[in-house]
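Every value quoted in this text rests on a predicted model; they were computed, and no experiment measured them.
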Amino acid sequence: MEFGLIITVFLIGFIGSYVSGMLGIGGSIIKYPMLLYIPSLVGFTAFTAHEVSGISAVQVFFATIGGVWAYRKGGYLNKNLITYMGVSILIGSFIGGYGSRFMPEDGINLVYGLLALTAAVMMFVPKKGIDDVPFDQVSFNKWLAAILALIVGIGAGIVGAAGAFLLVPIMLVVLKIPTRMTIASSLAITLISSIGATIGKVTTGQVDYMAAGVMIVASLIAAPLGAKTGKVMNTKALQTILAVLILATTIKIWLDII
């Protein structure tokens, strides 16, 4: 890799991982389009959709480790939620990650666009009163959580995105989990999900290891910084930022697909 491309990939990884820690997502909702379009815009050889999804899968694993570590204290992590959704999404992401080798690049982008569109619609659904529930009194439908996580895992595994950008709206809108608990727990679930997606991408030769290594370094630095910001930021502001990011990415992806 050229030095300029290394710097470009590092900055993409840093920005995406900071947002990952702050909003409880793996960061692929941002890094996927940035990796796909920015290198060629600044004069470097573009990564293919398969390479981008492979790099994203590996990087998400390390970004979420940093975020979960930052949220480990304070009761933010809901262990039951993490267990039910984590196991289901791990199974789904492995299926999706391995099966993606049989899909054309346009198919990968289409799946990403559909997931992003669904997430964008859900983020604009009113979420009243969810942050009034104390962490120790939070309850949810365990089987519904598991089924939804399995579906998200299959789709997210295909694009190497780990699925947190769709898990967060589901947890907020469908399962009624408080915002900060959603952010922390979704990072832990995404960490589990990324294991399946990463194994699927690595075993099928879809990972550029140099680029992935640069992204990993950026992740381990930026994700904990983002998590610290997320702990103190207003919950409505966090929801708004996530909604805007998902909507902007959805519009861009669909413009390219069409």
Side-chain angles (χ1 to χ4, degrees), residues 6-35 55-79 81-83 85-86 89-90 93 131 135 156 160-169 171-172 177-198 207 209-246 249:
I6 290 175
I7 297 300
T8 301
V9 171
F10 179 86
L11 291 175
I12 291 172
F14 190 94
I15 293 170
S17 298
Y18 184 88
V19 174
S20 168
M22 182 172 66
L23 300 177
I25 59 177
S28 289
I29 192 73
I30 301 168
K31 290 188 287 286
Y32 186 93
M34 290 176 74
L35 279 171
I55 294 168
S56 295
V58 174
Q59 182 276 331
V60 162
F61 176 75
F62 287 92
T64 50
I65 286 177
V68 170
W69 181 257
Y71 278 112
R72 69 191 186 281
K73 297 179 181 179
Y76 297 103
L77 298 169
N78 187 309
K79 295 180 180 178
L81 187 66
I82 293 168
T83 299
M85 298 190 81
I89 202 169
L90 175 59
S93 65
D131 291 312
F135 286 172
F165 65 94
L166 187 50
L167 280 180
V168 169
M171 293 163 74
L172 290 172
I177 306 298
T179 302
R180 294 196 201 283
M181 180 175 283
T182 289
I183 290 173
S185 299
S186 69
L187 279 171
I189 295 166
T190 303
L191 171 59
I192 296 171
S193 167
S194 67
I195 296 171
T198 300
V207 179
Y209 291 103
M210 176 63 78
V214 173
M215 295 283 278
I216 287 168
V217 173
S219 299
L220 295 176
I221 297 172
L225 297 177
K228 289 182 180 179
T229 302
K231 286 181 179 180
V232 298
M233 185 176 288
N234 179 273
T235 55
K236 293 296 182 184
L238 289 170
Q239 292 177 17
T240 301
I241 293 171
L242 181 59
V244 171
L245 286 175
I246 292 175
T249 303

- Note on the structure: In this structure, CD1 of I189 is separated from OG1 of T83 (nearest 0.5 Å) by 9.0 Å

- Message: In the structure I gave you, are the side-chain heavy atoms of L225 and F14 within less than 4.5 Å of one another anywhere?
- Response: yes

- Message: Does any part of the side chain of F10, heavy atoms only, come nearer than 4.5 Å to the side chain of I221, both counted from C-beta?
- Response: yes

- Euclidean distance, I216 CD1 relative to F62 CZ, rounded to 0.5 Å: 4.0 Å

- Message: Let me confirm one number: the CG-CZ distance from L77 to F135, rounded to the nearest 0.5 Å.
- Response: 10.0 Å

- Message: Using the side-chain contact (heavy atoms from CB on, under 4.5 Å) definition, which of the options I82, L81, I89 pairs with M85?
- Response: L81

- Using side-chain contact (heavy atoms from CB on, under 4.5 Å) as the criterion, point out the one residue from R180, K231, M181 that pairs with Y71. K231

- Supply the atom-to-atom distance T182 OG1 to M171 CE, rounded to the nearest 0.5 angstrom. 4.5 Å

- Message: Please evaluate residues T235 and T179 with respect to the criterion side-chain hydrogen bond (donor to acceptor under 3.5 Å, both in side chains), reporting the C-alpha separation (whole Å), side-chain torsions for both, the decisive distance (0.1 Å), and the verdict.
- Response: CA-CA 6 Å; T235 55; T179 302; 4.6 Å; no

- Note on the structure: Between A218 and G13 the two heavy atoms that sit nearest each other are CB-C, 3.7 Å

- Do V168 and I183 have side-chain heavy atoms sitting under 4.5 Å apart? no

- Task: Kindly indicate whether the side chain of L35, heavy atoms from C-beta on, has any atom under 4.5 Å from the side chain of M215.
- Result: yes

- Task: List the steps and the verdict of side chain to side chain contact (heavy atoms under 4.5 Å, CB included) for L11 and M34.
- Result: CA-CA 10 Å; L11 291 175; M34 290 176 74; over 6 Å; no

- Task: State, yes or no, whether a side-chain contact exists between S185 and Y76 at a heavy-atom distance under 4.5 Å.
- Result: no

- List in chain and number order the residues that pass side-chain contact (heavy atoms from CB on, under 4.5 Å) with T8, two or more places apart in sequence or in another chain; answer none if no residue qualifies. I12, I38, V42, F44

- Heavy-atom pair with the smallest gap, counting every atom of T190 and S186: OG1-O, 2.5 Å

- Item | Partner set under side chain to side chain donor-acceptor pair (under 3.5 Å) for T229, not counting sequence neighbours | Y18

- Residues A70 and A227: closest non-hydrogen pair is CB-CB, 3.4 Å

- Considering all heavy atoms, the nearest S17-A63 contact: OG-CB, 3.9 Å

- Please examine the side chains of L187 and L191, heavy atoms only from C-beta on, and report whether any two atoms are closer than 4.5 Å. no

